[in-house]
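Inspection log for the structure reproduced underneath, given as structure tokens.
As the structure is a prediction and not an experimental result, all values here were calculated from the model.
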Amino acid sequence: MTTRTPALTLSAARALLGVASNADERELRTAYREAAKRAHPDRPTGDAALFRDVLAAYRLLQDTPVAQHNFPPAVQAVPLADRVFLEIDIATAVAGGAEELAIDGRRLRLKLPAGLREGDKVRVEGVMFEVRFRAQDGALVRGDDIWLTGKVDPRVLAEGGRVDADTPLGPRPAWISTKAAARGLVRLPGQGLPARASHKAGDLFLRLEAAEACGESPARSLLKRFAAAWAA
């Protein structure tokens, strides 16, 4: 039986291609070509499932007017009878936290456990809250897994190595092999959403992008000068 990939949301599609919510057609096309090239299954480091997701993301964003890519400010909670839809960010889903809401003239303070998933329910003082994730550029949740776009040193993308990737959820340490660097994607098992109830711990997928060059370190400059002098 073939497993169907869940439909992508606009925020998920943007995160997979690494484009901003106001990206124009040229930026979208360039991002798609780069992502498709990295994931193409004909390459030694390709990934057929990821390639299909990249193609689906591109088609979705192509068919969506740019004006709709911009989400209005998230509403903290929208009452519906005795149930409330609660939007939280991904960092809260990972580590837990607290939310304070005003409902029917009452102020409720919610203590949220780590590991909440989309659709989970939390009851406080007779009110049922249903969890929804807030859209966040460069970050999305798919099931138990978290997908982040991480900025890394360009040298690491070329050579591999240990890095602290700069992501929307803060630095994430990772060891990037040359194969992962070539793919532009690294999987960190067990570093997605934490285990909770019947859910197992998810994985973290880092989509790698080169950070802006910050100049050569003095030590590296000295080493290069020494090597040049030795060769002469």
Side-chain angles (χ1 to χ4, degrees), residues 6 8-21 50 53 71-80 83-103 106-153 156 162-176 180 184-209 211:
L8 286 171
T9 64
L10 285 175
S11 59
R14 292 199 309 271
L16 279 175
L17 297 187
V19 295
S21 56
L50 180 60
D53 281 353
F71 287 86
V75 178
Q76 187 74 349
V78 180
L80 178 61
R83 189 175 60 174
V84 176
F85 292 95
L86 174 68
E87 288 193 338
I88 64 173
D89 56 31
I90 298 175
T92 301
V94 171
E99 296 281 344
E100 190 169 301
L101 305 173
I103 300 176
R106 295 181 294 164
R107 297 200 68 84
L108 299 181
R109 183 171 178 80
L110 287 70
K111 293 187 65 175
L112 303 176
L116 285 172
R117 266 66 170 178
E118 183 98 5
D120 277 359
K121 309 262 189 327
V122 180
R123 181 181 292 277
V124 177
E125 296 186 19
V127 180
M128 181 70 76
F129 294 89
E130 183 172 329
V131 173
R132 300 286 175 88
F133 288 130
R134 186 174 298 131
Q136 185 174 356
D137 284 342
L140 65 98
V141 174
R142 303 189 73 183
D144 302 321
D145 301 329
I146 299 176
W147 288 68
L148 299 177
T149 299
K151 302 286 187 179
V152 301
D153 188 314
V156 176
R162 188 188 182 284
V163 67
D164 285 327
D166 183 16
T167 79
L169 300 186
R172 286 295 186 273
W175 177 263
I176 300 175
L185 183 71
V186 62
R187 173 175 171 262
L188 304 178
Q191 295 191 36
L193 291 178
R196 179 175 181 271
S198 61
H199 296 281
K200 64 178 182 179
D203 298 335
L204 172 61
F205 292 84
L206 274 178
R207 183 183 181 279
L208 306 174
E209 290 186 353

Just to verify, what does [X] make a side-chain contact (heavy atoms from CB on, under 4.5 Å) with, not counting sequence neighbours?
X	answer
A91	D89, L169
R132	F85, E87, E118, E130
D144	R117, H199, K200

Reported CD1-to-CD1 distance for the pair I90 and I146, which is rounded to 0.5 angstrom
6.5 Å
Contacts of F205 meeting ring pair (Phe, Tyr, Trp, His ring centres under 6.0 Å) (sequence neighbours excluded), chain-then-number -> W147
Measuring only between side-chain heavy atoms, which start at C-beta, is T92 closer than 4.5 Å to L116?
no
Contacts of E209 meeting side chain to side chain donor-acceptor pair (under 3.5 Å) (sequence neighbours excluded), chain-then-number -> K151, R207
Mind checking what makes salt bridge (charged side-chain N to carboxylate O under 4.0 Å, His left out) contact with R172, not counting sequence neighbours?
none
Output side-chain donor-acceptor pairs under 3.5 Å for residues 184-195, partner residues at least two apart or in another chain, one line each.
from: R187; atom 1: NE; to: D203; atom 2: OD2; distance (Å): 3.0
from: R187; atom 1: NH2; to: D203; atom 2: OD2; distance (Å): 2.8

Atom of [X], atom of [Y] and distance for their closest heavy-atom approach:
X	Y	result
G115	D120	O-OD2, 4.3 Å
R109	A98	NH2-CB, 3.5 Å
P113	R196	CG-NE, 3.6 Å

Can L86 and L112 be said to form a side chain to side chain contact (heavy atoms under 4.5 Å, CB included), step by step?
CA-CA 11 Å; L86 174 68; L112 303 176; 4.2 Å; yes
